[in-house]
2 protein chains.
Amino acid sequence: MGQGAGGGPQPRGGATLAQVAARVGVSLNTVSRAIRAPHTLRPELLGRIAAALDELNYVPNRIAGSLAGTRSALVGVVVSSLFHSEFAAVVEALQTGLLARDFQVMLGHSHYDPAREAGAVRALLGWRPAAMALVGIDHHRDVSRMLGEAGIPVVQMWDVGGEAIDSAVGMDHVAIGRAQAEHLLARGYRHVAVVGSLRPHDARAHKRCRGVAQALAAAGLGEPALATSAEPGDPDLGGRLVAELLARHPEVDGIACNSDAVAYGVLRALRARGRRVPDDVGVVGFGDAEASACLVPALTSVRPPRAAIGRLTAEIILARLEGAGPRQLEVAWDILVRDSTARGSTVSAPI
Amino acid sequence: MGQGAGGGPQPRGGATLAQVAARVGVSLNTVSRAIRAPHTLRPELLGRIAAALDELNYVPNRIAGSLAGTRSALVGVVVSSLFHSEFAAVVEALQTGLLARDFQVMLGHSHYDPAREAGAVRALLGWRPAAMALVGIDHHRDVSRMLGEAGIPVVQMWDVGGEAIDSAVGMDHVAIGRAQAEHLLARGYRHVAVVGSLRPHDARAHKRCRGVAQALAAAGLGEPALATSAEPGDPDLGGRLVAELLARHPEVDGIACNSDAVAYGVLRALRARGRRVPDDVGVVGFGDAEASACLVPALTSVRPPRAAIGRLTAEIILARLEGAGPRQLEVAWDILVRDSTARGSTVSAPI
DNA sequence: GGACGTTGCGTTAGCGCTCACTCTGTGCGA
DNA sequence: TCGCACAGAGTGAGCGCTAACGCAACGTCC
């Protein structure tokens, strides 16, 4: 790497404030001010400093800045799993909201495992974030304790049915499950089952499942048939579970799926078995994934306001950082009714 | 926040090494050693320090560690767009490989825009990462310059047809485009078109497009019909583009799509127009998305080895950090042949 | 014309940690 | 008896920056 052109040994990454200062002939702090509070300098000096900054390709060292400064420029975000999954759009909206204020997002993953979630939270806290956001509201005590003791704003996303550590923005998943079942019942399906991935610690999925049971009970029907698994929810899982379900409960004519990916496999398996959707069986998904409107039949699904949740989370974090109090809010969702529950008629025509 | 129980004012986030040291009655450095090099301490002392560490819930401050230490624990990753998109699995595999060595991944997004990519790279370099990984191999000069001057390992992912800054691991996208077209031609489709999102700076998409043209030329056929747009590639775009395409070129009987999401919309629009797939028109996608095997007809698609690319990127980064030289490697991909190009017969039976 | 802001910059003291070095005591061979 | 290697712990400097304060030189106003 060699030596810098004019001023001391070359630091590990790029120029330092001290080098810029030496080049211009001012103190280090003056250069810092030129960046952070330009209006406190004479325009002429400011120009010279700006030129030197540019010549040396100065990139502020945010590590040093965070250590010295009052507040960090990082926000930690923990999701169950960004990948093959439903939280990407939430994180994108969150990130967009925070980037505008120059906050960096640092991502961690729980993989639906409380121990790994605690590990991810601990790892992120090591970077001393200004705030944290995480998916879910029912957490392991270690997680709640660490987050509570951190003394920073914490926003729990996606779910609202629980006790928030600080702030929360999400949906009522029991109500979603109820709505899935009620929709099927309203369309004349009587034997409703729940199919999908049901990991031990995916509290949201359990709540939706409970909601289905509630709706059936309210309609004077029995418990829903269950075909669930702790494996990740993908089409193949849906196919296997529905095969197993129909072997045990051939009378099932309505299926509430825990995710759209599972529903894709359910539709395929039903087709392979000669069960017509929606005439023989109605299927409703959760998540409104990209392909759902393109399937045959198009999949009826619950659409969560992902972008809104991410945007609101960013807003709450920024407000909390400026002294506002904690907030807890529930966001609205809707059911996109498509052909997979349109018994006897076509609800949405293909393009 | 108040004062700490035993030793100095409460710092901004959690206990410090100095507090732990004061509690045990040793020097700060000894506690640091207990964490970084436990074998250099007496077991008895180590036990007492471990107890104090635990009691105070000490979480190492990685900001301070990075500033003081020789090397950073961060790796910067820039993708076009993680969301609605194809890079999630790559990043997941990359992250898994790096997390094992205690590296944190920091994500940035280019949104297929060179200026935003430069901004993302600059922002990430501000955190003084130990290495960088980014999607694509054809970058704006500013990006190449910044990365070259940073003096850290740089791995360019996903594409290989260009000059690497340091290391690269990806696919030959021209060859992919050729394979898409050759597959269609081999199935008897003669009038091949390209449909999909073709952003000005998405070099990979342009290369695949060029590959299609090459294959047609080699077969003595003319230029492919094009129906492209700078909008993001989703099913609706596919539907609109194919409508426009068929209006201009009703003879088209083979469609190579730039992404599976676009292909979904293409299939839906063809169905709505009464064009039978695969009998009248063959459709091949790119990306092998989750739903592709569940569509009717199931979509033939190019499957990129996402996990392998991510894993190899992690391996190269770790090796480079330990002194190994730069590497450039091309990974293999394949075409999953399904019903959408199975003219006259069913290739893959539904489950 | 002396007390009092104001503007514009320099000085200084850390943030919490790592790393190179120094120091102390112990064991052991010559 | 002395020297000397070595394990085990302490000391001090400094990473690059921010923030609080210091301090000239220049108005401003009674």
Side-chain angles (χ1 to χ4, degrees), chain A residues 4 7-49 53 56-74 102 125-130, chain B residues 4 7-22 24-49 53 56 58-74 102 125-130:
Chain A
Q10 187 74 9
R12 283 173 292 210
T16 67
L17 279 187
Q19 289 176 354
V20 179
R23 190 183 191 99
V24 181
V26 294
S27 87
L28 179 161
N29 191 4
T30 303
V31 182
S32 173
R33 253 191 293 253
I35 296 169
R36 298 188 345 266
H39 58 277
T40 64
L41 298 190
R42 302 194 320 270
E44 181 268 340
L45 222 200
L46 201 57
R48 281 165 51 213
I49 293 178
L53 249 18
L56 292 177
N57 275 310
Y58 176 76
V59 178
N61 184 331
R62 311 208 50 158
I63 296 280
S66 307
L67 184 59
T70 320
R71 57 191 249 182
S72 132
L74 280 175
D102 219 28
L125 286 177
W127 294 95
R128 299 299 188 268
Chain B
Q10 186 74 10
R12 284 172 293 208
T16 68
L17 278 187
Q19 290 176 353
V20 178
V24 182
V26 295
S27 85
L28 180 161
N29 188 7
T30 303
V31 182
S32 173
R33 252 192 293 254
I35 296 168
R36 296 186 347 264
H39 58 278
T40 63
L41 298 191
R42 301 194 321 271
E44 180 269 341
L45 221 201
L46 201 57
R48 280 166 52 212
I49 293 179
L53 247 19
L56 292 178
Y58 177 75
V59 178
N61 185 331
R62 311 210 45 160
I63 296 280
S66 308
L67 184 59
T70 318
R71 57 193 250 176
S72 133
L74 279 175
D102 219 29
L125 286 177
W127 294 95
R128 300 298 187 269

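In what follows, every heavy atom counts, from backbone to side chain, and hydrogens, waters and symmetry copies are set aside. Each chain gets a letter, A, B and so on, in the order its sequence line appears, and its residues count up from 1. In this text the structure is predicted, and so the values were computed from the model without any measurement.
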Side-chain contact check for Ala68(B): nearest option of dT18(C), dG10(C), dT18(D) is dT18(C)
Rounded to whole Å, CD1 of Ile63(A) lies from P of dG16(D) at a distance of 12 Å
- Query: Is any side-chain N or O of Arg33(A) under 3.5 Å from a base N or O of dG10(C), one able to act as donor and the other as acceptor?
  - Reply: yes
Under 4.0 angstrom between Tyr58(A) side-chain N/O and dG16(D) OP1 or OP2
no
query = Base, sugar-phosphate alone, or nothing: which one does Asn61(B) contact when heavy atoms must sit under 4.0 Å apart?
reply = sugar-phosphate
- Message: Go through it in stages, so that I can follow the logic: the residues are Tyr58(A) and Val31(A), the test is side-chain contact (heavy atoms from CB on, under 4.5 Å), and I'd like the CA-CA distance, side-chain angles, deciding distance and then a yes or no.
- Response: CA-CA 11 Å; Tyr58(A) 176 76; Val31(A) 182; over 6 Å; no
Arg128(A) atom CZ is separated from dT18(D) atom P, nearest whole Å, by 19 Å
Rounded to whole Å, NE2 of His39(A) lies from P of dT7(C) at a distance of 10 Å
Between the CG atom in Leu56(B) and the CD atom in Gln19(B), the distance rounded to the nearest 0.5 Å is 7.0 Å
Residues Ile35(B) and Leu17(B): closest non-hydrogen pair is CD1-CD2, 4.1 Å
Taken to the nearest 0.5 Å, the spacing of Arg62(B) CZ from Ser66(A) OG works out to 14.0 Å
Does dT18(D) have OP1 or OP2 under 4.0 Å away from a side-chain N or O of Thr70(A)? no
Rounded to whole Å, the CG-C1' distance (Leu67(A) to dG14(C)) equals 9 Å
For dC15(D) and Thr16(A) - does any side-chain N or O of the residue sit under 4.0 Å from the phosphate oxygens OP1/OP2? no
Ranking dC17(D), dG10(C), dG10(D) by distance to the side chain of Thr30(A), first place goes to dG10(C)
Ranking dA19(D), dT18(C), dC17(D) by distance to the side chain of Arg36(B), first place goes to dT18(C)
Between the CZ atom in Arg42(B) and the CD atom in Glu44(B), the distance rounded to the nearest 0.5 Å is 5.0 Å
Arg71(B) CZ to dG16(D) C1', in whole Å, measures 20 Å
For a quick test of reading the model: is some side-chain N or O of Ser32(B) closer than 4.0 Å to OP1 or OP2 of dT18(C)? yes
In short, the helix from dG1(C)-dC30(D) to dA30(C)-dT1(D) is bent end to end, axes from five pairs each side, to 10°, by 60°
| message | Tell me if a side-chain donor or acceptor on Arg48(B) pairs with a main-chain N or O of Val24(B) at a distance below 3.5 Å. | response | yes
What does Leu28(A) touch in the nucleic acid at a heavy-atom separation under 4.0 angstrom: a base, only the sugar-phosphate, or nothing? base
To the nearest angstrom, the CD1-C1' distance between Ile35(B) and dC19(C) comes to 15 Å
Arg42(B) atom CZ is separated from dT24(C) atom C1', nearest whole Å, by 13 Å
Atom CD1 of Ile49(B) and atom C1' of dG10(D) are separated, to the nearest Å, by 13 Å
Of Leu45(B) and Ala18(A), the one whose nearest nucleotide on DNA chain D sits closer to the 5' end is Leu45(B)
Margin query: Using only modelled atom types and a 3.5 angstrom limit, is any donor from either the side chain of Asn29(B) or the base of dT18(C) paired with an acceptor on the other?
Written below: no
Practice prompt. Could you walk me through whether Val59(B) and Arg128(A) pass side-chain contact (heavy atoms from CB on, under 4.5 Å), step by step?
Written response: CA-CA 9 Å; Val59(B) 178; Arg128(A) 299 299 188 268; 4.0 Å; yes
Sugar-phosphate only, base, or nothing, as touched by Ser27(A) at under 4.0 Å among non-hydrogen atoms: base
Residue set satisfying salt bridge (Lys or Arg N to Asp or Glu O under 4.0 Å) with Arg36(B), at least two apart, ordered chain then number -> none
